[in-house]
Amino acid sequence: MRNFKNILSIFISAICVISCGIETDDKDEIYYLWTNAELPKDVLTINGKYWESGHFTKEYEVYIHLKPTVKWWNEFKKVNELDSAKSNFSEDIILKLKPNYNRAINLPEWFKPNKNSTFYQKKDSEFYWNEKTKDLFIHEIQL
């Protein structure tokens with residue numbers, strides 16, 4: 001019986017350690033958690049939400065609203081090869097912005113890209129760039 005309690009204790013402890021993840025709304029921390037880099041000086045974080053599993057596979061989902069300079073945005077598009085993934089808003093895109101769409105974390109209330117935004121999609125990453133307001137909404141999920 002004593003041996004069983006020890007095994008059970010180790011098992012419960014292991015589950016707690018393995019399942020610990022990260023979930024935050026701290027807009028100052030999210031860019032770093034997402035990119036593993038400091039926020040550039042020419043980018044302002046307006047809002048963010050981040051979730052990461054406790055697994056070694058680093059499953060995550062991020063919603064972030066940035067206000068970058070045009071120079072930064074153009075470089076970001078180039079590095080991430082987004083120009084070939086450009087399109088306009090459609091019904092499919094609007095569906096993804098509804099609260100009941102499948103995701104790991106709930107769609108934040110503030111995540112409302114303007115319908116005049118240009119939409120870019122690359123795998124499971126979505127980028128909504130509003131040329132007029134210079135707002136960038138990003139949703140990325142890796143499960």
Side-chain angles (χ1 to χ4, degrees), residues 4-143:
F4 176 74
K5 286 182 181 178
N6 288 341
I7 292 172
L8 184 61
S9 177
I10 291 170
F11 178 74
I12 291 172
S13 297
I15 287 176
C16 288
V17 169
I18 291 171
S19 65
C20 293
I22 300 169
E23 188 166 348
T24 184
D25 291 331
D26 182 348
K27 68 178 187 167
D28 297 323
E29 182 181 29
I30 290 170
Y31 188 88
Y32 180 80
L33 290 170
W34 175 49
T35 63
N36 204 25
E38 295 297 323
L39 184 69
K41 292 178 183 169
D42 47 356
V43 178
L44 178 65
T45 304
I46 307 298
N47 259 313
K49 186 168 185 155
Y50 183 87
W51 168 84
E52 182 180 312
S53 72
H55 305 132
F56 66 91
T57 55
K58 192 180 174 171
E59 298 164 323
Y60 69 91
E61 184 170 19
V62 64
Y63 291 92
I64 193 164
H65 176 190
L66 302 175
K67 194 83 148 177
T69 62
V70 173
K71 180 181 176 186
W72 183 90
W73 167 241
N74 287 334
E75 183 63 24
F76 183 85
K77 279 193 306 183
K78 183 179 176 185
V79 168
N80 291 286
E81 300 172 344
L82 294 180
D83 278 327
S84 63
K86 182 178 176 180
S87 69
N88 292 319
F89 257 79
S90 68
E91 289 302 317
D92 290 340
I93 296 166
I94 292 169
L95 177 66
K96 289 181 179 184
L97 297 173
K98 293 189 186 276
N100 59 349
Y101 193 77
N102 293 335
R103 53 182 59 89
I105 53 178
N106 291 330
L107 180 72
E109 287 185 27
W110 52 261
F111 196 86
K112 295 182 180 175
N114 187 293
K115 290 183 182 178
N116 294 325
S117 299
T118 303
F119 176 72
Y120 300 83
Q121 184 167 15
K122 189 167 182 186
K123 296 185 183 180
D124 292 326
S125 301
E126 301 157 359
F127 308 89
Y128 306 84
W129 171 248
N130 189 313
E131 183 67 39
K132 190 175 185 179
T133 64
K134 310 301 185 241
D135 284 300
L136 176 61
F137 286 86
I138 298 173
H139 172 238
E140 186 170 279
I141 186 167
Q142 178 184 312
L143 297 177

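Along the sequence shown, residues carry numbers from 1.
- With respect to the salt-bridge test (charged N to carboxylate O, under 4.0 angstrom), the residues Glu131 and Lys134 qualify.
- Taking all atoms of both residues into account, the shortest heavy-atom contact from Glu38 to Tyr31 is O-CE2, 3.6 Å.
- A ring pair (Phe, Tyr, Trp, His ring centres under 6.0 Å) with Tyr120 is found for one member of Trp73, Tyr128, Trp129, Phe76 and no other, namely Trp73.
- Nearest heavy atoms, Glu29 versus Thr24: OE1-OG1, 3.4 Å.
- Shown are Asn36, Thr35, Ile30; of these, the side-chain contact (heavy atoms from CB on, under 4.5 Å) with Tyr32 is made only by Asn36.
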Working note: Asn47 + Ile64, criterion side chain to side chain contact (heavy atoms under 4.5 Å, CB included); need CA distance, chi angles, decisive distance, verdict. CA-CA 6 Å; Asn47 259 313; Ile64 193 164; over 6 Å; no
Could you go step by step and tell me if Tyr63 and Leu107 meet the side chain to side chain contact (heavy atoms under 4.5 Å, CB included) rule? CA-CA 8 Å; Tyr63 291 92; Leu107 180 72; 3.4 Å; yes
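- Put simply, CG on Asn80 and OG on Ser125 are 8.0 Å apart, with the number rounded to the nearest 0.5 Å.
- In this structure, Thr45 and Leu39 have side chains that are in contact, with non-hydrogen atoms separated by less than 4.5 Å.
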Would you check, one step at a time, whether the test side chain to side chain contact (heavy atoms under 4.5 Å, CB included) holds for Glu59 with Glu52? CA-CA 6 Å; Glu59 298 164 323; Glu52 182 180 312; over 6 Å; no
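- Residues Asn114 and Thr133 fail the side-chain proximity criterion, which asks for heavy atoms closer than 4.5 Å.
- The two residues Tyr50 and Leu33 have their closest heavy-atom pair at OH-O, 3.4 Å.
- Looking at every heavy atom in both residues, Glu23 comes nearest to Trp51 through OE1-CD1, 3.9 Å.
- At a threshold of 4.5 Å between non-hydrogen side-chain atoms, the residues Tyr60 and Trp34 count as touching.
- Residues Phe111 and Phe137 place their aromatic rings such that the two centres sit under 6.0 Å apart.
- Lys27 NZ to Leu66 CG: the interatomic distance, rounded to the nearest 0.5 Å, is 11.0 Å.
- The shortest distance between side-chain heavy atoms of Glu126 and Glu140 does not fall below 4.5 Å.
- Here the side chains of Trp72 and Leu136 are in contact, with some heavy-atom distance below 4.5 Å.
- Residue-environment remark: NZ (Lys41) stays at or below the threshold of 12 foreign heavy atoms within 6.0 Å.
- Asp42 and Lys71 are not joined by a salt bridge, as no carboxylate oxygen comes within less than 4.0 angstrom of a charged side-chain nitrogen.
- Between the side chain of Asn130 and the backbone N or O of Lys132 there is at least one donor-acceptor pair closer than 3.5 Å.
- In this structure, the side chains of Gln142 and Glu61 stay at 4.5 Å or more apart for every pair of heavy atoms.
- Taking all atoms of both residues into account, the shortest heavy-atom contact from His65 to Trp110 is CB-CZ3, 3.6 Å.
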